[in-house]
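Naming convention: chains lettered A, B, ... in sequence-line order (proteins, then strands); numbering from 1 in each chain. Please read these numbers as outputs of a predicted model, since none were measured by experiment.
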Amino acid sequence: MNKYDHKKIEKKWQQKWAEAGSFKTADDSTKEKQYILDMFPYPSGAGLHVGHVEGYTATDIYSRYKRAKGYNVLHPMGWDAFGLPAENYAIKTGTPPQRTTDESIANFKKQISHLGLSYDWSREFGTHNPEYYKWTQWLFAKFFEKGLVYKKKALVNWDPVDQTVLANEQVLADGTAERSGAKVEKKELEQWFFKITDYADELVDGLEPLDWPESTKINQRNWIGRSEGLIFTSPVKNTALTIDTFSAHFEAYCADTFVVIAPDHPFLPTLLDGLPDKEKILAQAKNIADKRSLTERGEVQEVEGIFTGRYTVDPVGNGELPIWIASYALAEYGTGIVKCSAHDERDFAFAKKYTIPLKVVLVPEDPAEQVAVKSFERCYADMKNGILLEPPTFAGKKAGDVRSEIIAYVSEREIAKAKTTYRLRDWLISRQRYWGAPIPIVYDPEGKAHAVPEEHLPWLLPTDVEYLPKGTSPLGTSKELFERTEKIFGKGWKPEVDTMDTFACSSWYFLRFADPHNTKEFASKKAMHYWLPVDLYLGGAEHTVLHLLYARFFTKVLRDMGYISFSEPFLKLRHQGIVLAEDSRKMSKRWGNVINPDDMVERFGADSVRLYEMFMGPLEAMKPWNTNNIMGVRRFLEHIWALAQTIKEDGGVESATEALLYQTIEKVTKDIEALKLNTAVSALMIYSNHLRTLKVVPTLAYKPFLQLLAPFAPHIACELAEQLGFTVDTWPVFDPLKAASSMVTIAVQINGKARATIKIPVDMPEQEALQQARSNPAIADWLTKGKEGKAVYVPGRIINFVLNT
RNA sequence: GCCGGGAUGAUGGAAUGGUAGACAUACAGGACUUAAAAUCCUGAGAGGAAUUAAACCCUCGUGAGAGUUCGAGUCUCUCUCCCGGCACCA
């Protein structure tokens, strides 16, 4: 009897798969396809993390399962290779990022190959390959032609550590940079933007039908922050000016008694024109704005303000309203100017502080509670349940019930216009860094921007640069780049020296996998039509906004340009949870608690590591690593190995085994479809435990089991199948007739408490079943303790007698 | 503050409104062994009563409290705590 030697058989099968090209995908459009994709990794120097292994194993199981079911499966892998760690390493050591990146990729690939993952490596690429970023640049140029890329001077997020600007999406809630952890500063710079706001509505509406985690959809909706409200336009007294104010909670508009404007509002100087105190007020406004930008984003700030000296004439008939500068008004949201009232917490606090008069037009339903509101003791801002007092048309009605009627009412009377605003800003993509795709723009001697024409793409990243960041792009130090530009375009032409945000590169890679070697197009329409959209997309939840939003934006733009015919790139999305260390903390070099997948594969084998990571718990849950527990799945595999050595030639399969086998087929199939892989492994264990109790294990009971096991532990399954003379590349067919056993054990309850079990035929008629239950000694005993009332019989499940006492 | 998600043995976790704790780990006892490891078998939510002992038996038990139901870990309401996201967004 031979022993289970994971090293030998895993090496053997990995070689076999590689040599046979077993997972190479054919564009066989006669077959139904499945496109199963992992979020491609950044190839960091630290190598593969057990968290990567979890996600990759899950999609691998899904892919192998779909192949066994007869689908044509596309399951590729590539590298999100541009990015700061390689560049920072270059600054420290002088090693070119190109070299570091390629070394890391080789290491990742080696680690992945040891796990027996069924990727089609013939489609591999990295976003740093010129053959790839040529098309990233080509797409940029197309966007530029369509006016979807533009350059503007803007107040942007500046990371003082990484010395580059960042997108809003890359700044955390506490005002620190997502990557470097540095406190982000505001700087006014001229930068390139993608016009993602053009698609704001569709990015919200398109979420609805997607099979995505609800929390991810909500995060995206919140980020886009669509809100419907009213714009009120009103003249400024003693001037020729008018101001627009935006209000999303306008139901109590009759209560407005003042107006606030953001301290950094560009309109402010104009508004103050002609006032004697203009300069003094502007200086104070600047003071307020500066103080605000210094405050931590997380901390609550004391409101501050100053009266401008101006009044608006309220279009609604609230008279003349004083205009104040207030620290809590944001220039970049809505119109940056707000009509204020007693029915907003911030307005209320502000008015109290500066003793601005207030007016109440909204009260709680409960008269007892109205007193405090009417006497301005507390702010009442419930725009849903509050009762309106004004205007007369809506007096006495619940504000929430008449919201749309108010919109109609004020629109008809031309008091205000309905308007939708968004929190989403355009996507800032310029980076003053080296290791990214160069922005394919050149400037003529007049300074006008032109896209680099297609024949000069890829617009290569120069190598003669100083990596050290000094607040301007390292590309500015490249002699080659400037010479190249003048040589091609003429004297006086200058290159753009910023590179693109790496998120631009990862916003379309899933399209490239459909046709990765195409030199004429970013991917052929035919290949994209067959393979896309992605059927299953798996990756970490940290990308709920950034990557997933950008990829959706690219997809919609390319659809509008006619390259693709679908609107959403990822039909089904799942997140894998974070794998914590054994001490339930995050894995970190600092804590010395990092689990290296290589060590685990070496000790226990790839099949055990794969099974264990699936068995840990639900895919999406955050869960701690426990090396002890791998022994459990390792033992399971050894049992399977031992069983195979004792298989006897086919006799029949007795009915209990057959029923359990078919129940297992059903359970494992459904669980894989739902990605409930922890319970699928458990079902396999239950079946294997059963086989171990048998004196004789017939091939008929063992072969389908190996087929079920194969996606999870492919090496051992292939090896045993080969030894026994069959293959595991098909999926067993579920037969409900064979899964059903004729007898069933059901619980008998008295008043909902289980008191006994009885074994009866599944289809036993109610009266007979009840009779049999009553004759059970324990139940009979209980039934003497009270008068039997109602009896509930759920066939195959339960009997419940209710006693009347 | 707002929006999500969660709380089940010593641990990871399982459970279409129907016998809570599947499966696994750790633990304890036993077998094998000179011994240990490995392996195999058995036990086990907490408590109680009873017994030579075990089983059977009884009470309680899924963060806390109420409710709906013949029956609630699961549904509804209130609360506590934990995790994630957003946060002067008018």
Indicate yes or no for a side-chain donor-acceptor contact from A/Lys286 to the backbone of A/Gln284 under 3.5 Å, with no hydrogens or angles considered. no

Figure out the CZ/C1' separation between A/Arg692 and B/rU39, and round it to whole Å. 10 Å

Parallel, tilted or perpendicular: which describes the rings of A/Tyr687 and A/Phe705, with under 30° parallel and over 60° perpendicular? tilted

Side chain of A/Pro618, heavy atoms from C-beta onward: which of B/rA90, B/rG12, B/rG13 has the nearest atom to it? B/rG13

For A/Trp223 and B/rC3, is the shortest distance between a side-chain N/O and OP1 or OP2 below 4.0 Å? no

Charged tip of A/Lys339 within 45° of A/Phe232 ring normal and under 6.0 Å: yes

How many Å lie between CG on A/Asn629 and P on B/rA26, as a whole number? 7 Å

So, OP1 or OP2 of B/rG13: does either fall under 4.0 Å of a side-chain N or O from A/Asn626? no

Annotated structure of RNA chain B as dot-bracket, pair cut-off 3.5 Å, Watson-Crick or G-U only, | for inter-strand, is (((((((..(((.....[....))).(((((.......))))).((((........))))..(((((..]....))))))))))))....

Rounded to the Å, how far apart are A/Arg635 CZ and B/rU39 P? 5 Å

Of A/Met631 and A/Leu330, the one whose closest nucleotide on RNA chain B sits nearer the 5' end is A/Met631

Hey, does the side-chain of A/Arg797 have a donor or acceptor N/O within less than 3.5 Å of a partner on the base of B/rU19? no

Per atom distances to the A/Lys676 side chain, the nearest of B/rA90, B/rC3, B/rA15 is B/rA15

Here the distance between atom P of B/rA90 and atom CD of A/Glu228, to the nearest Å, is 12 Å

Ignoring backbone atoms, test whether A/Arg423 places a side-chain nitrogen or oxygen under 4.0 Å from the OP1 or OP2 oxygen of B/rA87. yes

Which nucleotide wins on minimum distance to the side chain of A/Thr679, given the candidates B/rA15, B/rG12, B/rA90? B/rA15

Would you find a donor on one side and an acceptor on the other, under 3.5 Å apart, between the side chain of A/Arg635 and the backbone of A/Ile630? no

Taking only the P atom of each, what is the distance from B/rG67 to B/rA72 in whole angstrom? 12 Å

For B/rG6, does the glycosidic angle fall within 90° of 0 (syn) or outside that (anti)? anti

Taking only the side-chain heavy atoms of A/Lys623 (C-beta and beyond), determine which of B/rG12, B/rA90, B/rU25 contains the nearest atom. B/rG12

Which of the following nucleotides, B/rA90, B/rG4, B/rG12, is nearest to the side chain of A/Ser215? B/rG4

Could you give the CG-to-P distance, from A/Asn628 to B/rG13, as a whole number of Å? 16 Å

Consider the side chain of A/Ser227, meaning its heavy atoms from C-beta on, and name the nucleotide among B/rU59, B/rU19, B/rA90 that approaches it most closely. B/rA90

Under a 3.5 Å distance rule, please check whether A/Thr257 uses its side chain to pair with a backbone N or O of A/Pro357 as donor and acceptor. yes

Would you say a side-chain N or O of A/Tyr328 is under 4.0 Å from OP1 or OP2 of B/rA90? no

A/Arg226 atom CZ is separated from B/rC89 atom C1', nearest whole Å, by 15 Å

Establish, with yes or no, whether the OP1 or OP2 oxygen of B/rA14 is under 4.0 angstrom from a side-chain nitrogen or oxygen of A/Asn678. yes

Separation of atom CZ in A/Phe232 from atom C1' in B/rA90, rounded to whole Å: 12 Å

A/Tyr422 ring center near A/Trp223 ring center (under 6.0 Å): no

In whole Å, measure the gap between the P atoms of B/rG30 and B/rA64 for me. 38 Å

For every nucleotide of nucleotides 68-84 of chain B, 5' to 3': is a protein heavy atom under 4.0 Å from its base (B), only from its sugar-phosphate (S), or from neither (-)? --BS-------------

Would you call the rings of A/Tyr354 and A/Trp324 parallel, tilted or perpendicular, where under 30° means parallel and over 60° means perpendicular? tilted

Among B/rG12, B/rU19, B/rA14, which nucleotide has an atom closest to any side-chain atom of A/Ile798? B/rU19

In whole angstroms, how far is the P atom of B/rG85 from the CD atom of A/Glu620? 17 Å

Between the side chain of A/Arg425 and the main-chain N/O of A/Glu332, is any donor-acceptor distance below 3.5 Å? yes

Hey, does the side chain of A/Asp426 reach the backbone of A/Thr197 with a donor-acceptor pair shorter than 3.5 angstrom? yes

Kindly determine whether A/Asp583 and A/Arg585 satisfy salt bridge (Lys or Arg N to Asp or Glu O under 4.0 Å), including the steps that lead there. CA-CA 5 Å; A/Asp583 55 12; A/Arg585 291 191 291 190; 3.2 Å; yes

Within the structure, does a side-chain N or O atom of A/Arg755 lie under 4.0 Å from either OP1 or OP2 of B/rU59? yes

On RNA chain B, check which nucleotide each of A/Met616 and A/Thr745 is closest to and give me the residue with the more 5' one. A/Met616

